[in-house]
S.K.: 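Handing you this structure, nothing more for now.
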Amino acid sequence: MTPSVATARAGSNIAFVKYWGNLNHELRIPMNNSLSMTLDQAYTTTTVTFSNDYAQDSLHLNGSPAGEAATQRAADHLAILRQLAGRQEKAKIVSKNSFPTGAGIASSASGFAALTVAAAGALGLDLPQQTLSRLARRGSGSASRSIDGGFVEWVQGSSDESSYARPLAPADHWDLVDVIAIISTGHKHVGSTGGHAAASSSPFFQARLGELATTLPQVREALLQRDLPRFGELIEAEAISLHVMAMTSKPGILYWQPGSLEVVHALYEWRRTGEAIGYFTFDAGPNVHIITEQKYAAAVVERLRAMPSVLDVLKCDVGGPARLIDSHLE
Ligand code: DP6
């Protein structure tokens with residue numbers, strides 16, 4: 001039988017209101033809605049080939065065989081898609097990120113979105129966005145938000161069927177930019193899956209959920225109104241709230257590095273003097289994501305590049321949806 005192959009490309013996303021903590025760990029039903037923008041220049045390309053010739057699922061990531069845990073996680077995800085398609089063949093997965101893996105740029109988001117779309121394509125499943133989002137969620141919660149492009153909201157839901165992301169506004173709604181200051185490219189000590197499991201042990205967990213009932217609609221409104229100062233103030237507070245929770249959970253997790261805080265303080269100063277405008281947020285990692293508008297981006301990039309603690313700067317515009325592409329990875 002000829003192998004079934006497909007390749008997909010999916011952008012990562014940066015959350016403005018973040019996913020942290022699960023109602024159901026296995027199904028990745030979150031404790032709150034989250035809201036993000038899909039990124040253009042930070043993406044994963046993944047080719048999936050199903051064939052009876054393979055004895056087991058394999059994963060090649062950025063040119064090398066992936067470790068056991070990552071391979072198992074991908075294989076578990078494929079099992080869900082295989083079951084849906086009523087197929088048995090094992091698969092070879094070849095995947096490549098356009099950015100450093102495990103450094104606070106959500107590689108699991110773009111990774112599982114690309115894997116879902118590629119595997120569905122290779123299995124001949126023609127699925128609506130909502131179903132793809134639900135499936136991607138099973139691999140990594142934030143991946144549910146990388147199926148659609150533009151600005152996206154993952155609706156918490158209460159079951160596998162009702163927890164998925166939906167578009168909030170198209171990519172051309174607002175020319176926001178995520179300027180990522182890369183502080184470290186090493187792997188983090190505690191991944192986000194461990195963070196979600198520990199989240200509810202923070203004494204601030206319930207307080208944060210209570211606060212989100214008010215702040216999430218405010219973030220959504222500021223985004224729809226393209227009100228940068230209001231939006232910026234809200235997302236900075238939200239990022240701090242998430243990291244305070246991580247720091248105070250048991251075990252505590254401190255993702256920030258000295259360089260992360262140097263960037264935050266520099267940003268405060270640039271805003272005060274009017275040199276450069278932008279607002280920070282963080283994923284579960286040390287890199288600083290500076291959210292700004294296109295007209296301010298060059299000034300932010302230039303200043304970040306001059307800072308010794310910033311290893312690299314990646315400018316990402318708002319990206320489009322995950323999609324199948326024609327050229328396969330070897
Ligand atoms: C802080 O989606 O990476 O980036 O489902 O365990 O893979 P898993 O977690 P993941 O968590 C993302 C955490 C975050 C916030 C966010 O992107 O919403």
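Both counts, for ligands and for their atoms, begin at 1 and track the order of listing.
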S.K.: For the residue pair Tyr19 and Trp154, is the inter-centroid distance of their aromatic rings smaller than 6.0 Å?
M.R.: yes
S.K.: Taking the six-membered ring for Trp and the full ring for Phe, Tyr or His, determine whether the centres of Tyr43 and Phe99 are under 6.0 Å apart.
M.R.: no
S.K.: Which of the numbered atoms in ligand 1 are below 4.0 angstrom from a heavy atom of Gly141?
M.R.: 2 (O), 5 (O), 8 (P)
S.K.: Looking only at heavy atoms, which two atoms of Ser146 and Asn13 are closest? And how far apart?
M.R.: OG-ND2, 2.9 Å
S.K.: Against heavy atoms of Ala15, which atoms of ligand 1 measure under 4.0 Å?
M.R.: 16 (C), 17 (O), 18 (O)
S.K.: Using every non-hydrogen atom in the two residues, find where Ile180 and Cys316 come nearest and quote the distance to one decimal.
M.R.: CD1-SG, 4.1 Å
S.K.: List ligand 1 atoms under 4.0 Å from Ser140, heavy atoms only on the residue side.
M.R.: 2 (O), 3 (O), 5 (O), 7 (O), 8 (P), 10 (P)
S.K.: CG/Asn52 to CZ/Arg87 distance, rounded to the nearest 0.5 angstrom?
M.R.: 8.5 Å
S.K.: For atom 14 (C) of ligand 1, which candidate among Tyr255, Tyr19, Phe112, Phe16 provides the closest heavy atom?
M.R.: Tyr19
S.K.: Side chains of Lys96 and Thr46: do they bring a donor and an acceptor to under 3.5 Å?
M.R.: no
S.K.: Would you say His196 has any N or O atom under 3.5 Å from an N or O of ligand 1, going by distance alone?
M.R.: yes
S.K.: In ligand 1, which numbered atoms sit nearer than 4.0 Å to a non-hydrogen atom of Ser192?
M.R.: 3 (O), 9 (O), 10 (P), 11 (O)
S.K.: Using a strict cut-off of 4.0 Å, indicate which atoms of ligand 1 neighbour a heavy atom of Ser142.
M.R.: 2 (O), 3 (O), 10 (P), 17 (O)
S.K.: Report, in ascending order of atom number, the atoms of ligand 1 lying under 4.0 Å from any heavy atom of Arg73.
M.R.: 7 (O), 8 (P)
